[in-house]
Amino acid sequence: MKIIALKLPINLNENTYEEMFNLLPKQRQVSIHKLQKKNDKYRSLFGELLAKWFISDILKEPFQNIHFILDKNEKPNLVGGRIHFNITHSGDWVVVGIHNDPIGVDIEEIKNFNIHEITKSTFSSKEFRYLIKSPKAKQIEVFFKMWTLKESWLKCIGSGFLVSPNTFSILNRSNQYSLEIPTEEFLKLKTLGVKIGNTSNYLFKLYHLSPGYPLSICINNGNENHFEFPDNIDIIELNSLINELKPL
């Protein structure tokens, strides 16, 4: 497994933006162009560029030969399927995770809001009890940590909106996270065509990329007897990535 992160700029030279933008296929250019906010454009643009550059470097193939295709649930996959990847972005950060088996990655910027308005539709009853038992001053932070863990699993299985987040739990037992799904929900996922392995196959890791940014990784470890998450996340500077991409 490899994980790489990029911190986004507040502003970007317009010529540099256009140069980077033109590296994407026309279809992606159209979808990014439709975004209203500058930061959303940055996140989408550099999320895809970082993933393609990272994959091309790992596979030792030209950047131009790296192509993505969306599955039926809008999850991007590498054409040829040699490795799995996932992209996430929030606030100032874009993160890409790459693994031999299915992977889900989620980062969230912690923001103050009334978490109790949406918690019951977001968390299972077990997760909700865990949240409200945590110190009041820490509940927003705990909320976002829990949410990134749940979202990382949903992205790992590529379910899109087929799975309601309050129908499963990711539980913290002595800093080891485990997935729990009621039998009826598990069977329902199977009938919906969601590719889901044994719950014990899913492994989780919670990182803190920078203050206020919890980052969670989930993998399906069904094909390996032993696996360890990397201790650290590689960070690439924006100028370094641009310099790698400019000659293309």
**Request:** State whether the number of non-hydrogen atoms from other residues, nucleotides or ligands found under 6.0 Å of Leu35 atom CG is greater than 12.
**Result:** yes
**Fill in**
Sequence neighbours excluded, the answer for side chain to side chain contact (heavy atoms under 4.5 Å, CB included) partners of Thr16 is Leu12, Asn13, Met20, Ile242
**Message:** Nearest 0.5 angstrom please: Tyr202 OH to Ile157 CD1, how far?
**Reply:** 6.0 Å
**Fill in**
In short, Leu6 meets Ile236 closest at the heavy-atom pair CD1-O, 3.4 Å
**Fill in**
Quick note, ring-ring contact (aromatic ring centres under 6.0 Å, His included) partners involving residues 71-91, not counting sequence neighbours, are Phe68-Phe85
**Request:** If a pair satisfies salt bridge (charged side-chain N to carboxylate O under 4.0 Å, His left out) and one of its residues is in residues 84-99, list it, with sequence neighbours excluded.
**Result:** none
**Message:** Strictly by salt bridge (charged side-chain N to carboxylate O under 4.0 Å, His left out), give each pair with a member in residues 5-24 just once, sequence neighbours left out.
**Reply:** none
**Message:** Testing the basics here: between Ala51 and Ile87, what is the closest heavy-atom pair and its distance to 0.1 Å?
**Reply:** CB-CD1, 3.7 Å
**Message:** Distance to the ring centre below 6.0 angstrom and angle to the axis at most 45 degrees; does that hold for Lys120 and Phe128?
**Reply:** yes
**Item:** Sub-4.5 Å side-chain heavy-atom contact between Val163 and Leu189
**Value:** yes
**Request:** Could you tell me which non-hydrogen atom of Ile32 sits nearest to which non-hydrogen atom of Ser44, and how far apart they are?
**Result:** CG1-CB, 3.8 Å
**Prompt:** Would Phe144 end up clustered with Phe204 when hydrophobic side chains under 4.5 Å apart are linked, directly or stepwise?
**Reply:** no
**Message:** Going by the rule salt bridge (Lys or Arg N to Asp or Glu O under 4.0 Å), which residues pair with Lys126 if we only count those two or more places apart in sequence or in a different chain?
**Reply:** Glu180
**Request:** Name the orientation class of the two ring planes belonging to Trp93 and Tyr213 (parallel below 30°, tilted from 30 to 60°, perpendicular beyond 60°).
**Result:** perpendicular
**Item:** Distance, nearest 0.5 Å, that separates CG of Leu149 from CG of Leu206
**Value:** 5.5 Å
Throw together a table of side-chain donor-acceptor distances under 3.5 angstrom for residues 58-67, partners on residues two or more places apart or in other chains.
unit_1, atom_1, unit_2, atom_2, d
Lys60, NZ, Asp57, O, 3.1
Glu61, OE1, Arg82, NH1, 3.0
Glu61, OE2, Arg82, NH1, 2.3
His67, NE2, Gln64, O, 3.1

**Prompt:** When you look at Ile219 and Asp101, which way does the side-chain contact (heavy atoms from CB on, under 4.5 Å) test go after all the steps?
**Reply:** CA-CA 7 Å; Ile219 64 161; Asp101 294 315; 5.7 Å; no
**Item:** Donor-acceptor pair between Ser200 and Asn198 side chains, under 3.5 angstrom
**Value:** no
**Message:** Can you list everything that forms a side chain to side chain contact (heavy atoms under 4.5 Å, CB included) with Asn243? Sequence neighbours excluded, please.
**Reply:** none
**Request:** Show the numbers, then the answer: is there a side-chain contact (heavy atoms from CB on, under 4.5 Å) between Ile118 and Phe143?
**Result:** CA-CA 11 Å; Ile118 67 168; Phe143 173 93; 3.7 Å; yes
**Separation between CG of Leu78 and NZ of Lys52, rounded to the nearest 0.5 Å** = 9.5 Å
**Item:** All ring-ring contact (aromatic ring centres under 6.0 Å, His included) counterparts of Phe46, not counting sequence neighbours
**Value:** none
**Asked** Can you list every pair that meets ring-ring contact (aromatic ring centres under 6.0 Å, His included) and has a residue in residues 166-187, with sequence neighbours left out?
**Response** Trp153-Phe168
**Request:** Could you tell me which residues satisfy side chain to side chain contact (heavy atoms under 4.5 Å, CB included) with Glu141, sequence neighbours excluded, listed by chain and number?
**Result:** Ile110, Lys138, Lys145
**Item:** Contact list for residues 20-44, test salt bridge (charged side-chain N to carboxylate O under 4.0 Å, His left out), sequence neighbours left out
**Value:** Arg28-Glu48, Asp40-Arg43
**Message:** Return the OG1 to CD1 distance between Thr88 and Ile217, rounded to the nearest 0.5 Å.
**Reply:** 8.5 Å
**Request:** Determine, using ring centers only, whether Phe227 and Phe229 are less than 6.0 Å apart.
**Result:** yes
**Request:** Hey, could you give me the CD1/CD1 distance between Ile3 and Ile235, rounded to the nearest 0.5 Å?
**Result:** 11.5 Å
**Request:** Please list, chain by chain and in numerical order, all residues satisfying side chain to side chain contact (heavy atoms under 4.5 Å, CB included) with Tyr130, sequence neighbours excluded.
**Result:** Val142, Met146, Asn172
**Ser216-Ser152 side chain donor-acceptor pair, cut-off 3.5 Å** = no
